[in-house]
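Following: one structure in structure tokens, then a few remarks.
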Amino acid sequence: MPVAGYVFGEAELITEQQACMQACLDPITIEHLAALDVGPGWSCLEVGAGGGSIARWLGRQVGPGGHVLATDLDTGRTDPGPDGPVQVRWHDITTDVLPEAAFDLVHARLVLLHLPQRLRALAAMVRAVKPGGWLLLDEFDCTWMPVLAGHGQAVFARFHAALCAVLTEAGADIAWGSHAYAALAEQGMDRMGAAARAQAWPGGSTGSRWLQVNIAQLGGRLVATGLVSAGDLAELRELLDDPGFVVSSYLVVSTWGRRPG
Ligand SMILES: C[S@@+](CC[C@H](N)C(=O)[O-])C[C@H]1O[C@@H](n2cnc3c(N)ncnc32)[C@H](O)[C@@H]1O
């Protein structure tokens with residue numbers, strides 16, 4: 001039986017995967033964090049911090065009088081940056097306790113989507129927010145990912161179906177990006193908002209490289225679904241180097257809310 005939860009964690013290519021996701025998604029995340037006015041002295045929690053780019057950005061905003069706690073199951077990859085307000089700690093968001101009402105901001109990107117226990121984890125994250133503080137989630141809705149230009153729709157559709165099947169079998173909610181708003185509302189958050197964004201990823205771009213890395217990480221599991229062949233994956237790897245083949249990224253849905261009080 002597959003282990004429930006995060007499917008990319010054991011792959012050797014994870015450092016490159018994280019570099020790609022940071023390059024593609026940091027501008028979107030930072031825009032939303034900046035709109036929440038993160039500033040000097042804030043106390044922030046970055047759940048599933050990965051390579052740590054957002055934790056370091058938060059560290060620069062909160063300054064020496066603030067504090068950023070960056071947690072992950074794989075803290076060896078989380079770079080806190082030069083001596084500063086970012087502290088890295090091993091923490092499993094599905095089982096380990098969080099301090100209550102401790103943070104002005106709690107943020108997670110592409111973490112809860114993967115976790116079968118996402119609603120329990122979300123409830124703990126909400127409780128960790130100080131009354132009047134903010135929670136921001138950036139999550140994919142993987143149900144929408146069209147080919148925008150070039151040939152290869154059919155092979156891409158087979159890959160996409162197989163990827164969604166692998167994620168779903170491991171316990172992911174592939175439409176979590178579109179389910180997060182209702183989940184935050186259920187937690188009693190107020191001043192809520194959401195914004196969705198997608199990017200064009202031409203072959204040879206960082207986004208296309210991210211997909212190639214995903215194929216390298218999951219190839220055998222993708223083929224085992226019976227939805228895509230090894231030949232399809234080889235063809236797709238080549239297409240993803242061709243600037244004439246352009247796919248849309250998944251929809252990145254950013255959802256935020258304030259803890260009342
Ligand atoms: C897709 S990566 C996203 C990394 C980072 N948030 C980013 O967007 O650049 C998901 C991260 O969540 C971490 N993760 C997975 N399950 C977790 C859990 N139960 N508790 C804490 N972190 C977890 C993984 O180790 C990985 O670093």
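Residues: numbered from 1 along the sequence shown. Order of listing sets the numbers, starting from 1, for every ligand and every atom in it.
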- Task: Tell me, please: is Gly51 in heavy-atom contact with ligand 1, that is, under 4.0 Å?
- Result: no
- Note: His91, heavy atoms under 4.0 Å from ligand 1, region reported as backbone
- If you round to the nearest 0.5 Å, how far is CG of Leu163 from CD1 of Ile174? 8.5 Å
- Item | ligand 1 to Gly48 polar contact by distance, N or O atoms, under 3.5 Å | yes
- Item | ligand 1 versus Ile93: contacting region, heavy-atom distance under 4.0 Å | both
- Note on the structure: Honestly, for Ser53 the part within reach of ligand 1 (heavy atoms, under 4.0 Å) is neither
- Message: Below 4.0 Å from ligand 1: does a non-hydrogen atom of Thr71 turn up there or not?
- Response: no
- Task: Could you check Leu148, Leu211, Leu236 and say which one makes a side chain to side chain contact (heavy atoms under 4.5 Å, CB included) with Val247?
- Result: Leu211
- Message: For the aromatic rings, using the six-membered ring if either is Trp, is the centroid distance between His160 and Tyr250 under 6.0 Å?
- Response: yes
- Run the contact test for Gln117 against ligand 1 with a 4.0 Å cut-off on heavy atoms, strictly below, and give the result. no
- Query: Does the side chain of Leu222 reach to within under 4.5 Å of the side chain of Val166, using non-hydrogen atoms?
  - Reply: yes
- Message: Please check whether Arg109 reaches ligand 1 - meaning an N/O of the residue sits under 3.5 Å from an N/O of the ligand, judged on distance alone.
- Response: yes
- Check whether any side-chain N or O of Gln18 sits under 3.5 Å from a backbone N or O of Gly51 as a donor-acceptor pair, and report yes or no. yes
- Query: Which option out of Leu115, Leu73, Asp72 puts a heavy atom nearest to atom 24 (C) of ligand 1?
  - Reply: Asp72
- Task: Over all heavy atoms of both residues, which pair between Thr94 and Gln117 is shortest? Give the atoms and the distance, please.
- Result: CG2-OE1, 3.3 Å
